[in-house]
Amino acid sequence: MGIVKTIRPYHQPAGGWGALKAMGEALVEQDIPAAGMALLSRMNQPGGFDCPGCAWPDAKPTSPFEYCENGAKAVAWEATDKRCTPEFFAAHKVSDLEEWNDFDLEMVGRLTHPMRYDGGSDTYVPVSWDEAFATVARHLNALPSPNMAEFYTSGRSSNEAAFLYQLFVREYGTNNFPDCSNMCHEATSVGLPLSLGVGKGTVLLEDFEKTDGIFIFGQNPGTNSPRMMTELRNASRRGATIMSFNPFRERALERFQSPQNPVEMATLTSTPISSRLFQVKVGGDVAVIKGMMKWLVDEDRRALREERMRVLDWDFIKGHTAGVDALVADLDATDWVDIERKSGLARADIELAAEAYAKAERAILVFGMGLTQHRHGAKNVQQLANLALLRGNVGRDGAGVCPVRGHSNVQGDRTVGITEIPNEALLDGLAARFGFEPPRAPGHNVVAALEAMVRGEAKVFIGLGGNFTAAIPDWQATQAAMRELELTVQISTKLNRSHLIHGREALILPCLGRTELDMQATGPQAVTVEDSMSMVHASKGLRQPASEHLMSEPAIIAGIARATLGAGSKVAWERLVGDYALIREDIEAVFPIFEGYNARIAQPGGFHLTSLARERIWATSSGKANFLVCEGLCEDPAIDDREALWLTSVRSHDQYNTTLYSLSDRYRGVYGQRDVLFLNEAEMQKRGLSADERVDIVTMSLDGVERRVNGFRVVPYAFPDGACAAYYPEMNPLVPLYAHDPQSFTPSYKAVPVRLVKATTQSGAR
Ligand SMILES: Nc1nc2c(c(=O)[nH]1)N[C@H]1C(S)=C(S)[C@@H](COP(=O)(O)OP(=O)(O)OC[C@H]3O[C@@H](n4cnc5c(=O)[nH]c(N)nc54)[C@H](O)[C@@H]3O)O[C@H]1N2
Ligand SMILES: Nc1nc2c(c(=O)[nH]1)N[C@H]1C(S)=C(S)[C@@H](COP(=O)(O)OP(=O)(O)OC[C@H]3O[C@@H](n4cnc5c(=O)[nH]c(N)nc54)[C@H](O)[C@@H]3O)O[C@H]1N2
Ligand SMILES: [Mo]
């Protein structure tokens with residue numbers, strides 16, 4: 001790459017000229033400086049396409065500049081002029097490509113032809129679409145049980161593609177739907193319904209305009225949902241309190257210079273975002289949240305004694321909730337000494353945060369992967385829900401819980417049926433509409449699918465998008481298991497690790513991206529997506545496809561379905577693919593919340609899928625919102641806290657999950673490298689380590705298996721004691737498959753107990 005490996009602290013605000021410069025560089029790097037700008041002006045606009053980046057909702061467009069630095073990178077990445085052709089594959093053995101890093105793999109460009117792995121030459125060779133579909137059908141139909149196949153979805157697929165996919169898989173006969181969401185916000189989808197009766201957020205964009213306080217736990221908006229910075233900036237300027245809880249002092253949580261604001265840009269000024277940023281210890285969130293609630297409860301008692309206004313919203317608690325007594329008992333039994341030790345924060349700081357929360361008439365609680373990707377991910381989310389409920393901060397203007405989803409349509413995919421635990425309504429709906437009996441037994445999530453592969457029970461893997469092999473935990477075991485599969489199929493846009501670590505037979509099926517014109521029998525098609533705030537809207541690509549051999553995701557799914565299910569299928573696959581409006585009619589028939597689907601997406605901005613909790617209707621078994629107790633404060637009681645260093649994983653500013661836009665991370669001051677370990681000076685001294693020294697990181701495994709990554713460069717960083725951080729996915733080999741949340745099965749990507757060893761090699765990781 002020619003970039004010097006340096007560590008150079010970044011002193012500017014987030015956003016600003018640096019963001020504009022990076023945007024321009026992304027277009028140049030993909031060879032599309034002019035075409036890219038034209039394309040970006042159609043993004044997030046009526047009649048245009050939805051940003052393929054994150055799931056943050058679109059405000060009503062006020063200018064042609066309705067995108068952010070990282071959205072622009074996502075578009076440039078997809079719209080690149082570079083191509084990954086059959087000639088490229090002919091010239092490179094798969095075993096040679098395995099030596100390439102993830103950045104170089106994707107930089108080859110867009111996939112152009114369907115390809116099949118040829119063992120004799122160890123290369124991918126072209127295959128016709130029909131032959132590819134027949135190969136998938138042959139394998140699927142040969143399995144003794146449909147439950148021996150795993151059908152993965154990554155959250156970029158549209159509602160239409162996702163609905164067709166689950167329809168095919170259920171008619172084929174399994175509920176095995178490992179989904180990227182299982183590694184992401186599953187703790188929300190599983191944890192929140194028990195608290196609030198919904199597994200989604202309860203706020204809309206307009207609530208950010210009305211709120212008095214925004215409390216952000218474990219989420220990095222400046223990088224992962226930069227359009228959210230507009231809301232935060234406006235709230236801050238209005239005088240709303242913003243506080244963040246994060247082991248990193250993420251720059252955008254501190255101050256932001258809006259690229260959309262000419263005055264800030266011209267005068268190089270910025271807007272402060274968080275009034276306080278609490279550097280919570282990795283895995284210390286339950287402790288912080290319990291501490292805040294403990295203060296609220298105590299302060300409420302003081303208020304009662306002193307006949308002041310109460311702190312807790314007792315009208316709401318009595319009228320709408322269950323379980324407050326048990327929660328209060330748990331808080332009373334929790335000691336401040338333990339709270340301080342586990343959270344790494346001083347009692348006075350936690351009290352200060354609690355007081356600010358109590359002062360905010362309306363508050364929004366925002367959270368991301370810092371809360372969900374833990375062994376107690378669902379419990380983290382539920383503690384946050386408790387905090388909201390104590391002050392009646394659900395179901396009124398300017399207040400609510402706000403999980404910030406990841407992939408641009410990960411929420412929509414789940415809504416239209418990608419789930420391994422389908423409810424009766426979904427299954428009955430499918431049976432009634434299509435006349436086949438869907439399987440009723442629960443299927444596999446990501447962890448269960450990986451366990452089935454490791455045991456040798458799963459034989460076929462199909463991935464609708466994504467880069468499963470790199471995103472998963474415990475590479476040594478799980479990647480070895482993937483290599484043993486009989487068939488792996490990847491429906492993709494770019495070359496990635498999952499094409500190289502493949503089964504005995506393997507297919508790469510290249511598809512259209514979000515930005516591209518999707519022409520079917522009845523003309524150009526639009527698809528629909530649902531954002532983090534449950535707004536559903538249309539997205540229409542316009543760019544000429546990267547290759548004439550590409551198919552759309554719905555067409556590929558229909559091709560596989562027709563080949564596999566044959567004439568006996570109850571679904572008119574060809575007809576549906578010819579006109580996506582017919583797919584939406586089917587979605588509406590199965591899911592009544594989509595009533596009037598086709599008409600409603602014709603409206604600019606789309607429509608909102610109602611959330612019962614927003615109306616203070618609680619779809620829980622008690623019919624109330626539930627306070628739920630989390631016992632203790634510990635992530636993993638089996639680990640001796642005095643010995644362990646808790647390792648978390650983060651995304652750099654220049655990556656989209658496993659896709660690397662560069663090897664640098666501007667805001668954290670890291671350039672040209674990713675094999676770094678962020679660690680504070682005290683922890684370095686304790687281990688006799690100096691800056692830039694290389695260390696091996698070793699998991700404190702409970703199963704006796706050695707999990708180790710070698711040669712990471714120590715970067716001194718203001719980080720909490722007892723904790724350290726590295727990049728995802730480089731640290732994924734360290735995450736044991738068993739280390740997941742027992743409720744939601746979310747892998748514990750954000751808290752792995754590790755120890756450090758002076759490096760055996762100085763070369764560094766890949
Ligand atoms: N540009 C870009 N946009 C993206 C993505 C991307 O990779 N690049 N990915 C998309 C996807 S799929 C997702 S899920 C989202 C992810 O977006 P985020 O939820 O922001 O994900 P992360 O960057 O993994 O981690 C979030 C924050 O958690 C903090 N953290 C780590 N451990 C802890 C902890 O124990 N407690 C607390 N309180 N904080 C902790 C980290 O320092 C980091 O700031 O973004 C989506 N948008
Ligand atoms: N250690 C650690 N591990 C993690 C995480 C973490 O924070 N830490 N985060 C987890 C999370 S939140 C997630 S969501 C997963 C992400 O896991 P995935 O969703 O599986 O991974 P991505 O990196 O987003 O997938 C990138 C690939 O998707 C393909 N692609 C891109 N656009 C399209 C499209 O429009 N259609 C199709 N069919 N393919 C497309 C391209 O080929 C590209 O190479 O990783 C998880 N793993
Ligand atoms: Mo995600």
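The figures that follow rest on heavy atoms only: side chains count, while hydrogens, waters and symmetry mates do not. All ligand and atom numbering here is 1-based and tracks the order in the structure.
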side-chain contact (heavy atoms from CB on, under 4.5 Å), paired with H499, selected from T488, L111, T469: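 So the option named by the test is L111.
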
Heavy-atom contacts with [X] under 4.0 Å: which atoms of ligand 1 show up? List them by number with element.
X	value
N70	1 (N)
T223	1 (N), 2 (C), 3 (N)
E250	41 (C), 42 (O), 43 (C), 44 (O)
V280	38 (N)
G368	19 (O)
D285	34 (C), 35 (O), 36 (N), 37 (C), 38 (N)

Return the residue, atom name and 0.1 Å-rounded distance of the protein heavy atom closest to [atom].
atom	answer
atom 42 (O) of ligand 1	N246 OD1, 2.7 Å
atom 10 (C) of ligand 1	Y656 OH, 3.5 Å
atom 23 (O) of ligand 2	T658 OG1, 2.5 Å
atom 17 (O) of ligand 2	A471 CB, 3.3 Å
atom 28 (O) of ligand 2	G466 N, 3.2 Å
atom 13 (C) of ligand 1	G406 CA, 3.1 Å

Hey, is ligand 2 close enough to C511 that some N/O pair sits below 3.5 Å?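 Checking ligand 2 against C511, no N or O pair falls under 3.5 Å apart.
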
Ligand 2 N/O within reach of N467 N/O, cut-off under 3.5 Å: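 Yes, there is a polar N/O contact under 3.5 Å.
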
In this structure, does ligand 1 have an atom that sits under 4.0 Å from one of the heavy atoms of [X]?
X	result
P247	yes
H653	no
S225	no

N or O pair under 3.5 Å between [X] and ligand 1:
X	result
Q655	yes
N224	yes
K281	no
V650	no
Q373	no
M369	yes
G284	no
S649	no

Check the angle between the aromatic planes of H653 and Y667 and answer parallel, tilted or perpendicular using the 30° and 60° thresholds.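 Ring orientation, 0 to 90° scale: tilted.
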
Taking L371's backbone N and O only, do any of them form a donor-acceptor pair with N380's side chain (distance below 3.5 Å, no angle check)?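 Pair found, side chain donor or acceptor close to backbone of L371.
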
Using heavy atoms and a threshold below 4.0 Å, how should the contact between [X] and ligand 2 be classified: side chain, backbone, both, or neither?
X	result
H185	neither
Y727	neither
T493	both
E553	side chain
C184	both
N732	side chain

Cationic tip of R668 above F248 ring, under 6.0 Å, 45° of axis: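 Here R668 passes the 6.0 Å and 45° test against F248.
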
Do [Y] and [X] have ring centroids that are under 6.0 Å from one another?
X	Y	value
Y152	F468	yes
F367	F215	no
Y661	F103	no
H407	Y656	yes

Do [X] and [Y] have a side chain donor and acceptor closer than 3.5 Å?
X	Y	answer
T659	E106	yes
S274	S244	yes
R156	N409	no

Sub-4.5 Å side-chain heavy-atom contact between [X] and [Y]:
X	Y	value
L734	I697	yes
K540	Q525	no
L384	V381	no

Would you name the heavy atoms of C184 and T372 that are closest together and state the gap between them?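 Distance-wise, the nearest heavy atoms are O-OG1, 2.8 Å.
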
Nearest non-hydrogen partners of P57 and M533, listed with the distance: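 Smallest heavy-atom distance, with atoms named: CG-SD, 3.4 Å.
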
Rounded at 0.5 Å granularity, tell me how far CE in M369 sits from CD in Q219.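 Between atom CE of M369 and atom CD of Q219 there are 8.5 Å.
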
Check each of R514, R156, H407 against atom 24 (O) of ligand 2 and report the one with the nearest heavy atom.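 Residue with the shortest heavy-atom distance to the ligand atom: H407.
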
S532 and K200: CA distance, side-chain angles, deciding distance, side-chain hydrogen bond (donor to acceptor under 3.5 Å, both in side chains) verdict: CA-CA 8 Å; S532 257; K200 303 179 182 180; over 6 Å; no

